[in-house]
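Here's the structure, in structure tokens; my notes come after.
First the proteins, then the strands, lettered A, B, ... as listed; each starts at 1. The structure displayed is predicted, hence computed values, not measured ones.
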Amino acid sequence: MTEKRIRVRFAPSPTGPLHIGGVRTALYNYLFAKHYGGTFILRIEDTDQARYVEGAEEYIMNSLEWAGIKVDEGLREGGPFAPYRQSDRTEIYHHYSDELISRGDAYYAFDTPEELDRLRKESESRGETFNYGCITRMSMCNSLTLTAEEVNARLAANEHYVIRYRMPENEEIGFSDMIRGDMVVNSSTLDDKVLYKSDGMPTYHLANIVDDHLMEISHVIRGEEWLPSLPLHVMLYRSFGWEAPLFAHLPLLLKPTGKGKLSKRDGDKMGFPVFPLYWPYGETATGYREEGYFPEAFVNMLALLGWNPGTEQEIFSMEELIEAFSIDRVGKSGSRFDPEKAKWFNTRYFQMKSDDELVALFMPVVNEKGFKPSPVTLGRMISLVKERAAFVKDLWHETDFFFVAPESYDPEVVRKRWNADSPLQMKELLDVVAGAESFTSENLEKAVKEWIAGSPYNTGTILNLFRLLMVGASRGPHLFDIIELTGRDETLRRLENGIRRLSPSLS
RNA sequence: GGUCCAUUCGUCUAGUGGUUAGGACGUCAGGUUUUCAUCCUGGUAACAGGGGUUCGAUUCCCCUAUGGACUACCA
């Protein structure tokens, strides 16, 4: 297998934002190529003019870039087989459809869409499916049933036509898939697929085979939805006399719950993104990037959805994925997408980030809130709360009390902890804190605990109240660390304010 | 309806003709912690069903069920 140069392609249609299933397909192609030192190609399959969406090409390239999937040959990168956009290659396909016709493996068909529609409806009413193939083609309007003169006349008159593949009758087509093994299909169950459309564009089937051949693709790794057309593609290669690449059909990504494949609606309903990046056009949609996922976590999560290394390792850098990836460890059945596990991956990557990296990411958020801490100060705050967060955006909720005095006090905690003795206790505490010689976490803790030891109070009572007045709630890291970073003046102010606000009758 | 593909804890999955069927996420229970979270420990939970083949099947074969894809001049 490694004799041949490994060349794979990711070939999306620019019909909208790429969804995470598509990113996974791209990722598997990329990992496979890089594992063997091969080439990863991005080819845009835009032969359907009607479904073309402005901005989709950009979106696809930006998504791959964000995910760290580097394209070797493609629209932006160029390459020896350019152009890499099918709409820029139309003349090429024409040549090959002509070749198929001259070989007798394809034919012109003049049937109108209305006529085909009528036949489909008719079949449907009998509970059948109309099949333009070996049993019906001879009763249709095409170059098999028309005389050569008629055909030439119609072509000369510029009449609309399509070119169909002439699927052989009753032939066992054997083919093989790297994930699913060997399969056999009888050609009589297949239809005469349109290869060339009346608008002068090839269909996916033709363009795909021609380009994969011309671009010297060695392995086609694509979604399972293409498995039913694999026999057709195999036949096409045979008709052209070309050696077919090896195929691998990836199982689909399924909804987290319920039936069917993952869709945009699931994301909306269950509150997780199904797209890598924000999609600003038409119906807008948020992306993993905007939700605060790290691209490394996103990629790691996708890689493990349908593939596993056969070991118990779960955290992989891109380099490790490249090293470990192999097609035969890709599963056969569809995988339900689990948003919880996606979060877990991000948590793991978040915890691996250095304080400095997190400062750089979090500083803009803090600035946005109107605060300008030094990087050192912010770094100390982050190091205190880091383990409690999974996303950069969580950090504000974990550090807000460093910047802002409590505006209210959690009623639940007040009810449970604040009683008639509390104001006096807090006043005494205030004096202790005010008298502390050096305002460090360690010293403060020592001073406060010594005072408590010599008083009738118990530690839990005092410290919980102290926290309540500092934070406004029962949350946050080590209390004395909070106090040190908050500073003497602000700490005393919060104590005074708290006593006054919680005991209006006593003040 | 037809063609093809698939089926191990709730989820992602490992695994073998003879295993206490392993891990992770989730969940539950303890522990640590002055709070919350983290963290640690432990528990819960699976071979879709029925026939074969076999001394023995979760593993191999067949059938059924269920799920999925495709069935366009879309990809």
Side-chain angles (χ1 to χ4, degrees), chain A residues 11-15 45-48 50-51 109 111-113 116-117 120 123-124 126-132 160-164 177 179-180 183-186 189-191 193-205 207-208 222-231 249 251-252 254 256-257 259-261 301 304-314 329 331-345 347 351 385-389 394 398 410 413 417 445 448-449 452 458-468 471 473-480:
Chain A
S13 298
T15 54
E45 309 223 327
D46 60 342
T47 54
D48 186 354
R51 291 208 307 155
D111 316 276
T112 63
L116 291 171
D117 206 42
R120 283 199 192 94
S123 296
E124 203 181 318
R126 292 194 306 268
E128 292 163 16
T129 304
F130 176 71
N131 186 330
Y132 200 127
H160 277 319
Y161 67 87
V162 299
I163 295 174
R164 286 180 181 270
D177 179 279
I179 294 171
R180 281 148 228 281
M183 288 163 275
V184 181
V185 170
N186 188 292
T189 66
L190 271 19
D191 58 350
K193 278 274 180 279
V194 172
L195 261 21
Y196 217 88
K197 299 181 275 186
S198 59
D199 67 357
M201 289 294 252
T203 60
Y204 170 86
H205 303 292
N208 184 258
R222 72 220 309 190
E224 193 184 25
E225 68 269 26
W226 293 109
L227 199 52
S229 49
L230 183 52
H249 289 86
L252 267 24
L254 275 19
T257 56
K259 293 180 179 181
K261 61 178 178 181
M301 176 270 292
L304 272 292
L305 209 50
W307 170 84
N308 77 83
T311 67
E312 283 176 4
Q313 184 178 352
E314 291 207 89
R329 295 208 66 90
K332 289 179 167 64
S333 52
S335 313
R336 275 186 195 284
F337 179 73
D338 181 1
E340 287 303 318
K341 191 99 183 209
K343 276 186 196 150
W344 176 80
F345 274 109
T347 309
Q351 298 306 323
V385 304
K386 182 176 169 179
E387 66 192 19
R388 326 161 78 84
D394 295 342
E398 299 298 339
D410 185 336
V413 182
R417 306 262 185 208
E445 181 164 4
V448 170
K449 284 191 171 167
I452 292 173
N458 71 63
T459 311
T461 305
I462 298 301
L463 294 188
N464 279 304
L465 287 172
F466 197 179
R467 177 180 294 277
L468 177 67
V471 176
S474 176
R475 64 186 172 96
H478 188 61
L479 181 57
F480 294 97

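Side-chain N or O atoms of A:Asn464 include one that pairs as donor or acceptor with a backbone N or O of A:Gly460 at under 3.5 Å. Side chain of A:Arg417 to backbone of A:Thr461: no donor-acceptor contact under 3.5 angstrom is found.
Residue A:His478 places a side-chain atom within donor-acceptor reach of the base of B:rU34, judged by atom type and a 3.5 Å distance cut-off alone.
Inter-residue side-chain proximity for A:Arg120 and A:Thr129 is flagged as unmet; no heavy-atom pair is nearer than 4.5 Å. Residues A:Met183 and A:Asp177 meet the side-chain proximity criterion, which asks for heavy atoms closer than 4.5 Å.
Put simply, A:Asn308 has no side-chain N or O that comes within less than 4.0 Å of OP1 or OP2 on B:rU13. Regarding contacts with the backbone of B:rG15, a side-chain N or O of A:Arg329 is found under 4.0 angstrom from either OP1 or OP2. Between A:Arg120 and B:rC73, a side-chain N or O to OP1/OP2 separation shorter than 4.0 Å is present. When the side-chain nitrogen and oxygen atoms of A:Thr257 are compared with OP1 and OP2 of B:rU11, none of them lie within a distance under 4.0 Å. Dashed line: the shortest gap from a side-chain N or O of A:Arg51 to OP1 or OP2 of B:rA75 is not under 4.0 Å.
Comparing the P positions of B:rU38 and B:rC28 gives an interatomic distance of 12 Å, to the nearest angstrom. Only the C1' atoms considered, B:rC9 is 10 Å distant from B:rC47, to the nearest whole Å. Between B:rC5 and B:rA45, the distance separating the two P atoms is 36 Å to the nearest Å. Here the separation of B:rA14 from B:rU19, taken at their C1' atoms, is 13 Å to the nearest Å. Taking the C1' atom of each, B:rG18 and B:rA24 are spaced 28 Å apart, rounded to whole Å. Separation of the P atoms belonging to B:rU44 and B:rA21 is 13 Å when rounded to the nearest angstrom. Rounded to whole Å, the C1' atom of B:rU8 lies 12 Å from the corresponding atom of B:rU16. Taking atom C1' in both B:rC61 and B:rG67, one finds a spacing of 22 Å when rounded to whole Å.
A:Asp111 comes within 4.0 angstrom of a nucleotide base, judged by non-hydrogen atoms across all strands. A:Arg126 comes within 4.0 angstrom of nothing in the nucleic acid, heavy atoms only. Contact annotation for A:Lys261: backbone-only contact, meaning every heavy-atom pair under 4.0 Å involves sugar-phosphate atoms and none involves a base. Residue A:Gly223 is classed as having no contact, given no heavy-atom separation below 4.0 Å to the nucleic acid. Heavy atoms of A:Gly331 sit nowhere under 4.0 angstrom from any nucleic acid atom. Within 4.0 Å (heavy atoms only), A:Glu387 reaches at least one base atom of the nucleic acid. Residue-level contact check: A:Lys259 touches the backbone only, with heavy atoms under 4.0 Å from sugar-phosphate atoms and none from bases. Within the 4.0 angstrom heavy-atom criterion, only backbone atoms of the sugar-phosphate kind lie near A:Val194; the bases stay farther away. If you check every strand for non-hydrogen atoms under 4.0 Å, A:Leu479 touches a base. At a threshold of 4.0 angstrom between heavy atoms, the contacts of A:Pro477 include nucleobase atoms, whether or not backbone atoms are also involved.
Remark: B:rU66 base-pairs with B:rA6. Criterion, Watson-Crick or G-U wobble with two distances under 3.5 Å. Base pairing analysis places B:rU33 opposite nothing; no Watson-Crick or G-U wobble pair with both distances below 3.5 Å involves it. Pair assignment for B:rC47: none, as no Watson-Crick or G-U wobble contacts are both less than 3.5 Å. Base pairing annotation: B:rA14 forms no Watson-Crick or G-U wobble pair, as no partner gives both donor-acceptor distances under 3.5 Å. Nucleotide B:rG42 has B:rC28 as its partner under the Watson-Crick or G-U criteria, with both atom distances under 3.5 Å. Under the Watson-Crick and G-U wobble criteria, each requiring two contacts below 3.5 Å, nucleotide B:rU20 is left unpaired. Under the Watson-Crick or G-U wobble criterion, with both distances below 3.5 Å, B:rU54 is left unpaired in every strand shown.
A donor-acceptor pair shorter than 3.5 Å can be found between the side chains of A:Arg222 and A:His249. There is no side-chain donor-acceptor pair under 3.5 Å between A:Asn186 and A:Thr189.
Separating the CZ atom of A:Phe345 from the C1' atom of B:rC12 is a distance of 9 Å, rounded to the nearest angstrom. The interatomic distance linking A:Arg222 (CZ) with B:rC74 (C1') rounds to 15 Å, in whole Å. Residue A:Arg336 contributes atom CZ, which lies 6 Å from atom P of B:rU11 at whole-angstrom precision. Distance A:Phe337 CZ to B:rG10 C1': 16 Å, rounded to the nearest Å. Atom CZ in A:Arg475 sits about 20 Å away from atom P in B:rU34, given to the nearest Å. Rounded to whole angstrom, the span from the CZ atom of A:Phe130 across to the P atom of B:rC70 amounts to 21 Å.
Sequence order on RNA chain B of the closest nucleotides to A:Leu116 and A:Gln351 puts A:Gln351 first from the 5' end. Checking A:Thr47 against A:Leu463, the closest nucleotide of RNA chain B that is more toward the 5' end is the one next to A:Leu463.
When all heavy atoms of A:Val162 and A:Val194 are compared, the pair lying nearest together is CB-CG1, 4.0 Å. Of all heavy-atom pairs spanning A:Pro231 and A:Leu190, the tightest one is CB-CD2, 3.7 Å. Of all heavy-atom pairs spanning A:His478 and A:Glu445, the tightest one is NE2-OE1, 3.1 Å.
In this structure, CZ in A:Phe345 is found 9.0 Å from CG in A:Leu305, a value given to the nearest 0.5 Å.
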Check your understanding: Given A:Asp48 and A:Arg51, is the salt bridge (charged side-chain N to carboxylate O under 4.0 Å, His left out) satisfied, shown in steps?
Key -> CA-CA 6 Å; A:Asp48 186 354; A:Arg51 291 208 307 155; 3.3 Å; yes
Review point. Which is it for A:Lys193 and A:Asp191 under the salt bridge (charged side-chain N to carboxylate O under 4.0 Å, His left out) test, yes or no, and what are the steps along the way?
Key: CA-CA 6 Å; A:Lys193 278 274 180 279; A:Asp191 58 350; 3.1 Å; yes
Check your understanding: So A:Glu224 and A:Lys261, side-chain contact (heavy atoms from CB on, under 4.5 Å) or not? Walk me through it.
Key -> CA-CA 12 Å; A:Glu224 193 184 25; A:Lys261 61 178 178 181; over 6 Å; no
Review point. What string of B, S and - do you get for nucleotides 2-8 of chain B, 5' to 3', if B is base contact, S is sugar-phosphate-only contact and - is no contact with any protein heavy atom under 4.0 Å?
Key: --SSSS-
Under 3.5 Å, N/O pairs linking protein and nucleotides 23-26 of chain B:
{"from": "B:rG23", "atom 1": "O4'", "to": "A:Glu312", "atom 2": "OE2", "distance (Å)": "3.2"}
{"from": "B:rA24", "atom 1": "O4'", "to": "A:Glu314", "atom 2": "OE2", "distance (Å)": "3.2"}
{"from": "B:rA24", "atom 1": "O2'", "to": "A:Glu314", "atom 2": "OE1", "distance (Å)": "3.4"}
{"from": "B:rA24", "atom 1": "O2'", "to": "A:Glu314", "atom 2": "OE2", "distance (Å)": "2.5"}
{"from": "B:rA24", "atom 1": "O2'", "to": "A:Lys341", "atom 2": "NZ", "distance (Å)": "2.9"}
{"from": "B:rA24", "atom 1": "N3", "to": "A:Lys341", "atom 2": "NZ", "distance (Å)": "3.2"}
{"from": "B:rC25", "atom 1": "OP1", "to": "A:Trp344", "atom 2": "NE1", "distance (Å)": "3.3"}

